[in-house]
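This report concerns only the one structure given below.
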Amino acid sequence: MSSEITPRANAPLLHLFQGKPIRLIGKVTEVRGETAILDAAGSVTVHSTRDSNFKEGNVYEVIGRVLPDLSLKMLDGMDFGTNIDMDNANALAELSQRHHEIFFDK
């Protein structure tokens, strides 16, 4: 992955980043082949790579490019397991937008 800035987002914020890379933390609710549905304060479809081994119930941080339909094309990702507070993860995404000067340039 290049050194592009990847702001944090969740489902309600994706429209702000169409065509751009973002970081999203979400819990896998469904896996269909190379596509996973993550709950990140709303459903987000992630188009993964063949090597991605999403496990339902686990939380992942996905770095991906936001597509026009507000799904993500996965560029990279990490399995965070099951012991993640999703309220905190979503609060971080919201705070990073409110205080973007700390996290990224708009």
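None of these values were measured; they are calculated from a predicted model.
- The CG atom of N90 sits 4.5 Å away from the CG atom of N10 when rounded to the nearest 0.5 Å.
- Judged as a side-chain hydrogen bond (donor to acceptor under 3.5 Å, both in side chains), and not counting sequence neighbours, Q18 has no contacts.
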* Worked verdict on I25 versus F80 for side-chain contact (heavy atoms from CB on, under 4.5 Å) -> CA-CA 9 Å; I25 297 174; F80 282 179; 4.0 Å; yes
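- Distance check: I84 CD1 to D79 CG gives 9.5 Å after rounding to the nearest 0.5 Å.
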* Verdict with reasoning, Y60 to V28, per side-chain contact (heavy atoms from CB on, under 4.5 Å) -> CA-CA 7 Å; Y60 288 79; V28 177; 3.4 Å; yes
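- The two residues G57 and T82 have their closest heavy-atom pair at O-CG2, 3.8 Å.
- None of L67, V66, L38 except one satisfies the side chain to side chain contact (heavy atoms under 4.5 Å, CB included) rule with L72; the exception is V66.
- A distance of 8.5 Å separates NE2 in H15 from CG in L70, rounded to the nearest 0.5 Å.
- I63 has its side chain out of reach of M74: every pair of non-hydrogen atoms, C-beta onward, lies at least 4.5 Å apart.
- One finds the CG atom of L14 at 13.0 Å from the NZ atom of K20 (value rounded to the nearest 0.5 Å).
- Within the 4.5 Å cutoff, side-chain heavy atoms of E61 are placed close to those of R23.
- Summarising the geometry of R65 relative to P21, their closest heavy-atom pair is NH1-CD, 3.4 Å, with the distance given to 0.1 Å.
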* To do: Give the C-alpha distance, both sets of side-chain angles, the deciding distance and a yes or no for side-chain contact (heavy atoms from CB on, under 4.5 Å) between L13 and E94.
  => CA-CA 8 Å; L13 298 170; E94 297 289 336; 4.2 Å; yes
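- Note that CZ of F54 and CZ of R32 are 13.0 Å apart. Values are rounded to the nearest 0.5 Å.
- In this structure, L24 and V44 have side chains that are in contact, with non-hydrogen atoms separated by less than 4.5 Å.
- Listed here is the closest heavy atom pair of D39 and A41: OD1-N, 3.4 Å.
- Smallest separation of non-hydrogen atoms from D69 and S71: OD1-OG, 2.6 Å.
- The shortest non-hydrogen separation linking G26 to A40 is CA-CB, 4.2 Å.
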* Passes side-chain contact (heavy atoms from CB on, under 4.5 Å), T29 versus E56? Steps please. -> CA-CA 5 Å; T29 59; E56 285 187 33; over 6 Å; no
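- At least one side-chain heavy atom of V46 sits less than 4.5 Å from a side-chain heavy atom of V62.
- Listed by chain and residue number, I37 satisfy the side-chain contact (heavy atoms from CB on, under 4.5 Å) test with S43 (two or more places apart in sequence, or in another chain).
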